[in-house]
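Just so we're clear, the structure is a prediction, and the values are computed from it rather than from any experiment.
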Amino acid sequence: MGAAIFVRGESVPIYAIDKSWAGAPLDPTAGVVIYITDPAGTLKVNGEAMSLVTSGTYLYNYNTDSESELGQWRWQCVAIDGTGAEAKTVISEGGFLLTETR
């Protein structure tokens with residue numbers, strides 16, 4: 001599966017799902033945080049909370065700009081428990097390619 005392609009200046013929507021096979025949230029009091037690194041390996045987003053969209057589904061919009069580094073970016077979503085402590089459970093990871101033009 002290839003990475004999604006975005007152009008500098010675009011917003012990159014990143015979703016994470018923290019549900020059981022039956023569709024219920026694994027922990028209704030939990031949340032999800034995200035880490036994003038640029039192509040040079042620089043951490044650009046360090047454990048920021050993702051927004052709850054629906055029960056067990058989370059969204060983070062990463063806004064790129066004209067100075068954002070071109071290349072392959074990586075992201076990782078981690079579950080946190082109801083106290084805010086990281087459960088150290090990676091529930092989703094992937095990347096996107098940032099280019100000048102399509």
Side-chain angles (χ1 to χ4, degrees):
M1 177 185 225
I5 300 172
F6 293 89
V7 176
R8 278 181 173 165
E10 289 183 330
S11 179
V12 178
I14 300 169
Y15 288 90
I17 298 174
D18 192 23
K19 295 183 181 183
S20 70
W21 288 107
L26 293 176
D27 178 354
T29 65
V32 177
V33 295
I34 188 167
Y35 299 87
I36 301 175
T37 55
D38 69 12
T42 303
L43 189 62
K44 295 295 190 176
V45 176
N46 187 8
E48 289 186 28
M50 296 182 76
S51 299
L52 181 64
V53 177
T54 60
S55 181
T57 302
Y58 298 84
L59 168 66
Y60 187 87
N61 282 305
Y62 183 72
N63 296 312
T64 66
D65 60 33
S66 61
E67 300 300 315
S68 295
E69 188 160 343
L70 298 176
Q72 182 68 44
W73 290 62
R74 303 292 305 161
W75 51 265
Q76 188 175 68
C77 303
V78 177
I80 56 173
D81 67 20
T83 67
E86 286 190 24
K88 301 296 184 196
T89 303
V90 176
I91 60 170
S92 182
E93 59 186 345
F96 60 92
L97 181 64
L98 193 62
T99 65
E100 281 285 353
T101 60
R102 282 201 212 283

Under 4.5 Å between any side-chain heavy atoms of D18 and Y58, yes or no?
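Yes, close enough: below the 4.5 Å cut-off.
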Heavy-atom check, side chain of P13 versus side chain of L59, under 4.5 Å:
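Yes, close enough: below the 4.5 Å cut-off.
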Among pairs that include at least one residue of residues 6-17, which meet salt bridge (Lys or Arg N to Asp or Glu O under 4.0 Å), considering only residues two or more places apart or in two chains?
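Every pair satisfying salt bridge (Lys or Arg N to Asp or Glu O under 4.0 Å) with a residue in residues 6-17: R8-E100, E10-R102.
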Check: V45 and Y60 side chains under 4.5 Å, non-hydrogen atoms
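Side chain of Y60 against side chain of V45, heavy atoms only: contact under 4.5 Å found.
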Mind checking what makes side-chain hydrogen bond (donor to acceptor under 3.5 Å, both in side chains) contact with T64, not counting sequence neighbours?
none
Between I91 and F96, is there shared hydrophobic-cluster membership here, with clusters defined by ILVMFWY side-chain heavy atoms closer than 4.5 Å?
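Hydrophobic grouping puts I91 with F96.
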Any heavy-atom pair between the side chains of Y35 and N46 that's under 4.5 Å?
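Contact flag for N46/Y35 side chains = yes.
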Residues forming a ring pair (Phe, Tyr, Trp, His ring centres under 6.0 Å) with Y62, sequence neighbours excluded
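Listed in chain order: W73.
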side-chain hydrogen bond (donor to acceptor under 3.5 Å, both in side chains) against E69, all qualifying residues, sequence neighbours excluded:
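Here no residue qualifies.
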Atom of G95, atom of W75 and distance for their closest heavy-atom approach:
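Shortest heavy-atom separation between G95 and W75 comes out as N-NE1, 3.3 Å.
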Euclidean distance, I5 CD1 relative to Q72 CD, rounded to 0.5 Å
9.5 Å
Can you find a heavy atom in the side chain of M50 that is under 4.5 Å from one in the side chain of C77?
yes
Are L98 and V12 packed together at the side-chain level, in the sense that at least one heavy-atom pair is separated by less than 4.5 angstrom?
no
V90-V33 co-clustered via ILVMFWY side chain contacts under 4.5 Å:
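Same hydrophobic cluster.
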For the OG1 atom of T37 and the CG atom of L43, what is their distance to the nearest 0.5 Å?
7.0 Å
Please enumerate all residues that pass side-chain hydrogen bond (donor to acceptor under 3.5 Å, both in side chains) together with S11, with sequence neighbours excluded.
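Once residues adjacent in sequence are excluded, the partners of S11 under the side-chain hydrogen bond (donor to acceptor under 3.5 Å, both in side chains) criterion are N63.
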If you measure from OG on S92 to CD1 on I34, what distance do you get to the nearest 0.5 Å?
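Going from OG on S92 over to CD1 on I34, the span is 8.0 Å.
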What pairs with N61 under side-chain hydrogen bond (donor to acceptor under 3.5 Å, both in side chains), at least two apart in sequence or on another chain?
none
